J.: 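The structure follows.
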Amino acid sequence: MKSAQRVTVCGTVEDVIYRNKENDYTVIDVATEENELITAVGIMPFLGEGEYVTLVGEWVSHSEYGQQLSVHSFEKRLPEDLSSILRYLTSRHIKGIGQATAAKIVGKYGKDTFDVIENHPEWLASINGITMKRAAEISKAFSDMSEMRELTMLVGDGVGTQTLNKIYKKFGSGAVGIIRDNPYRLCSEMSGVSFAKADAIAKSLGIENDAPIRLENAVKHALTSAMNVNGHTCLPIKDLISETSRLISVPSDKIAPIITDMLSSGALVGKMRNGVDLIYLPEAHRAERYIAKKLLDIDRATDAFSRADIEIMTSRIESEWRIEYASMQRRAIFEALGGGVLIITGGPGTGKTTVVRALIKICRSVGLKTALAAPTGRAAKRLSEATSEEAKTVHRMLEMERTDTDIPRYNRNERNPLDENVVILDEASMLDLYLTSALLRAMKNGSRLILIGDCDQLPSVGAGNVLSDLIASKRFNTVELDKVFRQSDNSLIIDNAHKINRAQMPVLDSKNADFFFLPREEEKIADTVISLIGSRLPKTYGEGIRADIQIITPSKKGTAGTDELNIRLQETLNPKSSGKSELRIGIKTFREGDRIMQTRNNYDAEWEHDFGEGSGIFNGDIGTIEEIDTQRERVRLRFDDRITVYDYQKMEDIDLAYAITVHKSQGSEYPVVIVPLYSAPSILLTRNMIYTALTRARKMVILVGRRDILSRMVQNGQRAVRYTGLIDELSQALE
């Protein structure tokens, strides 16, 4: 019984000792078939006293509670003997039945009790004290429990309790029938169920490999993946056919006719651009069209200030602040107040923040309400610190609310627009298709939108290439700040970033104290990175520097990719200890004290901080693990000043973040950045990749690795192709 091997235990639930209502972590006593009373713990939804269960798990020894069966999976069935039926009903597992009522029902109907409750509830009204209304309520509560039991068995392993509850909440009492009719609705209409899982359920239900329902949903999933993984808003039809074929191992000649049918029915949208047939999901096409139309409407409808008035206000600020704006900074101020939409671009140190501060002051002086925002929490925090004004994430500004799906709801929209008539949005290169659409829906015509960003950085993680497309369209005023202000004789970070952007090699042999290059052979790169953060930098600058260091790599894979570095850095910086709880999720091990990152948007996550509470932890947010509660299977996380609690299932969306990819670093700044330079696919060894990595650093950059790799990155101006149609939509909207 003390073996650590997987075991199976069968028996009757005697007592439900504890249940966490949030994640259904449950502690039960079970009377086994061997007449032993054991304690079992784990995620076991909808269990009630008297139920017969088959538990699969392993024996563990708890320091306080002794030996327990840690349950990995379970099956259950309703009790069959009279005493167990009575115990099940009296456990208040079914709403509306108390001890006395349960005794009356079992006394009258015996082993037929469950059949009567489910199929003949009107018979219950013959029992004294049960009205027809109450009988119907009892039957419904029992049916709901039966439905959840059947749903659990239908969906099977791999879907957590929280997701099961969301499925039932969305589809209601007909959930099982709905899933049997179309199991792919599990992955297309809500989060928590992968396409592979839905496909496996479909196969278990007898859906053929080339069934239309399977092919149609595979096409939709291929498009959705292209958006989420590669940033496309649409795909050429040839690419869509081949990707769908690869996804489900079905010949291309069976997929092409399905796409034709979906185009005819409106399930897909097709557009011909430059001789290429592009295929959209309808919601993506609507978003692109809306963005184009709304931006043009805003640009046309905004009243312009006179140039004389702008000149007076600008000169007044120069006199008050004892500064003199450069010509392009002055032009940016004039264009912002002279139209509805303005794009300000520029690399680090080119005075973008100086322009923002001037615009805030001028707008306030003439009675315009101004909102400052950024796509991520860290970017908003940086903007707030730079301007000494409140800046919010776009999600918070739009008053996002949680929903049952991955699609958020924004309280600020066409019916309830923003109060502000000027929106200044920093890090605009991170704007994706749907966030841009939501922002514009909340803006009144006559408002001003000022987008500030660096188009030489990587594009958004989400679908679309909004900032670059808007600039390329030439439909809106764009001002590029090209004069570098923020640098000194002792700083090379900004100077080298601009050199790289001009396809020039950075200065690597200077003795300055903020930019270093440590040449290393491929196999020594990871060792050097670990040595720097583990001992060399703390020895020189003090132990506190570790918290300031972020390692940023081009790739997850490779000898110095995030996958390898995070494992080794965890052992160096936060080793296994008897005083630290830890948990294992798949191949990942987490410990208290680990630096971690959220890897997908979690709109459901509720958090608290000193100033209130809210919801939403987003892709790229970095935090730390404060506590792992192994008894309740909950983890307390801190993301900056926000505290949230995750159950173990939510930890699947958490990665270690001692090292992160360049894509995940967007919108953030760190005092010290270490960049490993090692061999990787050419698409990752690009100029904008190394440029983005360097511009994340405020005080120090350390490059570790191969000079030839750095040279390849500087010379490689290649950018990943993103299929989008925003430029074309802007052109058509003007016709």
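What you see is a predicted model, and the numbers here were worked out from it, not measured in a lab.
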J.: Using side-chain heavy atoms (C-beta onward) and a distance below 4.5 Å, is Ile654 in contact with Leu637?
T.: yes
J.: For Arg591, give me all partners under salt bridge (Lys or Arg N to Asp or Glu O under 4.0 Å), at least two apart in sequence or on another chain.
T.: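 Here the qualifying residues are Glu571, Glu582.
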J.: Under the side-chain contact (heavy atoms from CB on, under 4.5 Å) rule, what do Lys220 and Leu281 come out as? Steps first, then yes or no, please.
T.: CA-CA 7 Å; Lys220 291 179 181 178; Leu281 291 172; 4.3 Å; yes
J.: Among Arg409, Arg412, Arg396, find the residue that satisfies the salt bridge (charged side-chain N to carboxylate O under 4.0 Å, His left out) test when tested with Glu401.
T.: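 When salt bridge (charged side-chain N to carboxylate O under 4.0 Å, His left out) is applied between Glu401 and each of Arg409, Arg412, Arg396, only Arg409 qualifies.
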J.: Could you tell me which residues satisfy salt bridge (Lys or Arg N to Asp or Glu O under 4.0 Å) with Glu627, sequence neighbours excluded, listed by chain and number?
T.: Arg636
J.: Would Leu433 and Ile291 satisfy side-chain contact (heavy atoms from CB on, under 4.5 Å), going step by step from the backbone distance to the final call?
T.: CA-CA 8 Å; Leu433 179 73; Ile291 290 169; 3.8 Å; yes
J.: Are the side chain of Glu51 and the backbone of Val13 linked by a donor-acceptor contact shorter than 3.5 Å?
T.: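 Not a single qualifying donor-acceptor pair exists.
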J.: Could you note down all residue pairs passing side-chain hydrogen bond (donor to acceptor under 3.5 Å, both in side chains) where residues 200-218 supplies at least one of them, sequence neighbours left out?
T.: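 Listed by first then second residue: Asp199-Arg214.
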J.: Surrounding CZ of Arg584 (heavy atoms of other residues, nucleotides or ligands, distance under 6.0 Å), is the total greater than 12?
T.: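 More than 12 within 6.0 Å, yes.
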J.: Determine whether more than 12 heavy atoms belonging to other residues, nucleotides or ligands lie under 6.0 Å from atom NZ of Lys588.
T.: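 Yes, because the 6.0 Å sphere around NZ of Lys588 holds more than 12 heavy atoms from other groups.
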J.: Who passes salt bridge (Lys or Arg N to Asp or Glu O under 4.0 Å) against Arg286, sequence neighbours left out?
T.: none
J.: Measure the CG-OH distance between Leu435 and Tyr410 for me, rounded to the nearest 0.5 Å.
T.: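 With rounding to 0.5 Å, CG (Leu435) is 5.0 Å from OH (Tyr410).
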J.: So, do Tyr280 and Leu268 sit near enough that their side-chain heavy atoms are less than 4.5 Å apart?
T.: no
J.: For Val394 and Ala373, which heavy atoms make the closest approach, and how far apart are they?
T.: CG2-CB, 4.3 Å
J.: Would you say the ring centroid of Tyr25 lies under 6.0 angstrom from that of Tyr648?
T.: no
J.: Please examine the side chains of Thr644 and Tyr646, heavy atoms only from C-beta on, and report whether any two atoms are closer than 4.5 Å.
T.: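 Counting from C-beta outward, Tyr646 and Thr644 do come under 4.5 Å.
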J.: Given the rule in the salt bridge (charged side-chain N to carboxylate O under 4.0 Å, His left out) test, do Arg273 and Asp728 qualify, once you have shown the distances and angles that lead to the verdict?
T.: CA-CA 8 Å; Arg273 294 198 178 104; Asp728 191 62; 2.8 Å; yes
J.: Without swapping roles, check the side chain of Asn465 against the backbone of Ser468 for a donor-acceptor pair under 3.5 Å.
T.: no
J.: So Leu55 and Thr8, side-chain contact (heavy atoms from CB on, under 4.5 Å) or not? Walk me through it.
T.: CA-CA 6 Å; Leu55 308 173; Thr8 299; over 6 Å; no
J.: Can you name the residues that form a side chain to side chain donor-acceptor pair (under 3.5 Å) with Glu564, not counting sequence neighbours?
T.: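 Side chain to side chain donor-acceptor pair (under 3.5 Å) check on Glu564 returns nothing, list empty.
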J.: Does this structure show an ion pair linking Arg600 with Glu652, if we count only N-O contacts that are shorter than 4.0 Å?
T.: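 A salt bridge is absent here (no side-chain N lies under 4.0 Å from a carboxylate O).
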J.: Taking side chain to side chain donor-acceptor pair (under 3.5 Å) as the definition, give me every residue that meets it alongside Ser460, ordered by chain and number, with sequence neighbours left out.
T.: Arg722
J.: Measure from the side-chain N and O atoms of Asn566 to the backbone N and O of Tyr658, and report whether any donor-acceptor pair falls under 3.5 Å.
T.: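 Side chain of Asn566 to backbone of Tyr658, a donor-acceptor pair under 3.5 Å: yes, one is there.
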J.: Does Arg595 form a side-chain hydrogen bond (donor to acceptor under 3.5 Å, both in side chains) with Gln550? I'd like the steps, not just the answer.
T.: CA-CA 10 Å; Arg595 180 185 291 189; Gln550 183 61 61; 2.7 Å; yes
J.: Students often mix this up, so state it plainly: with edges at 30° and 60°, are the rings of His395 and Phe618 parallel, tilted or perpendicular?
T.: parallel
J.: Using the test side chain to side chain donor-acceptor pair (under 3.5 Å), find all partners of His663 that sit at least two apart in sequence or belong to another chain.
T.: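 For His663 there are no side chain to side chain donor-acceptor pair (under 3.5 Å) partners, ignoring immediate neighbours.
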J.: Can you check whether Met44 reaches Ile28 side chain to side chain, under 4.5 Å on heavy atoms?
T.: yes
J.: Verify the neighbour count for atom CD of Glu75: are there more than 12 heavy atoms of other residues, nucleotides or ligands below 6.0 Å?
T.: no
J.: Would you say that Ile279 contacts Cys234 through its side chain, given a criterion of any heavy-atom pair below 4.5 Å between the two side chains?
T.: no
J.: For Thr724 and Asp469: C-alpha separation, side-chain torsions, deciding distance, then whether side-chain hydrogen bond (donor to acceptor under 3.5 Å, both in side chains) applies.
T.: CA-CA 8 Å; Thr724 69; Asp469 283 352; 2.7 Å; yes
J.: Taking ring-ring contact (aromatic ring centres under 6.0 Å, His included) as the test, write out the residues that go with Phe639, two or more places apart.
T.: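 Counting only residues at least two positions away or on another chain, Phe639 forms no ring-ring contact (aromatic ring centres under 6.0 Å, His included).
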J.: Run the salt bridge (Lys or Arg N to Asp or Glu O under 4.0 Å) test against Asp621 and tell me which residues pass, sequence neighbours left out.
T.: Arg642
J.: Quick one: side-chain hydrogen bond (donor to acceptor under 3.5 Å, both in side chains) pairs with a partner in residues 226-244, sequence neighbours left out?
T.: Thr233-Glu288, Glu243-Arg246
J.: Do other residues, nucleotides or ligands put more than 12 heavy atoms under 6.0 Å from the NZ atom of Lys271?
T.: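 Enclosed: over 12 neighbouring heavy atoms sit under 6.0 Å from NZ of Lys271.
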J.: Taking the side chain as every heavy atom from C-beta outward, state whether Val41 and Thr26 have any atom pair closer than 4.5 Å.
T.: no
J.: Is Ser437 reaching over with its side chain to a backbone N or O of Tyr434, donor-acceptor style, under 3.5 angstrom?
T.: no
J.: Side chains of Val461 and Met430: does their closest heavy-atom pair fall under 4.5 Å?
T.: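 Side-chain contact under 4.5 Å: no.
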J.: Evaluate Ile625 against Val635 for side-chain contact (heavy atoms from CB on, under 4.5 Å), listing each step before the verdict.
T.: CA-CA 7 Å; Ile625 296 177; Val635 184; 3.8 Å; yes
J.: Leu215 versus Val250: any side-chain heavy-atom pair under 4.5 Å?
T.: yes
J.: Donor-acceptor pair, Lys664 side chain versus Gln598 backbone, under 3.5 Å?
T.: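 Not a single qualifying donor-acceptor pair exists.
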J.: Within a reach of under 6.0 Å around NZ of Lys392, are more than 12 heavy atoms found that belong to other residues, nucleotides or ligands?
T.: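 For Lys392, atom NZ is crowded (more than 12 foreign heavy atoms under 6.0 Å).
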J.: Look at atom NZ of Lys556 and say whether more than 12 heavy atoms of other residues, nucleotides or ligands are closer to it than 6.0 Å.
T.: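 At most 12 heavy atoms, drawn from other residues, nucleotides or ligands, come within 6.0 Å of this atom.
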J.: Check Ala428 against Leu467 and note the closest heavy-atom contact, atom names and distance.
T.: O-CB, 3.8 Å
J.: Is a side-chain N or O of Ser70 found less than 3.5 angstrom from the main chain of Val60, in a donor-acceptor match?
T.: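 No: the side chain of Ser70 does not pair with the backbone of Val60.
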J.: Test your reading of the model: is there a side-chain donor-acceptor pair from Thr692 to the backbone of Leu458, 3.5 Å cut-off?
T.: yes
J.: Hey, what do you get for CG (Leu684) to CD (Gln718), rounding to the nearest 0.5 Å?
T.: 10.0 Å
J.: How would you list, by chain and number, every residue that makes a side chain to side chain donor-acceptor pair (under 3.5 Å) with Thr562, sequence neighbours excluded?
T.: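 For Thr562 there are no side chain to side chain donor-acceptor pair (under 3.5 Å) partners, ignoring immediate neighbours.
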J.: Could you walk me through whether Gln570 and Asp594 pass side-chain hydrogen bond (donor to acceptor under 3.5 Å, both in side chains), step by step?
T.: CA-CA 7 Å; Gln570 183 189 49; Asp594 274 337; 2.7 Å; yes
J.: Distance-only, no hydrogens or angles: does the Asn274 side chain make a donor-acceptor pair with backbone N or O of Val276 under 3.5 Å?
T.: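 Looks like no, no N/O pair under 3.5 Å.
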J.: Please name all residues satisfying side chain to side chain contact (heavy atoms under 4.5 Å, CB included) with Asn119, sequence neighbours left out, ordered by chain then number.
T.: Asp115
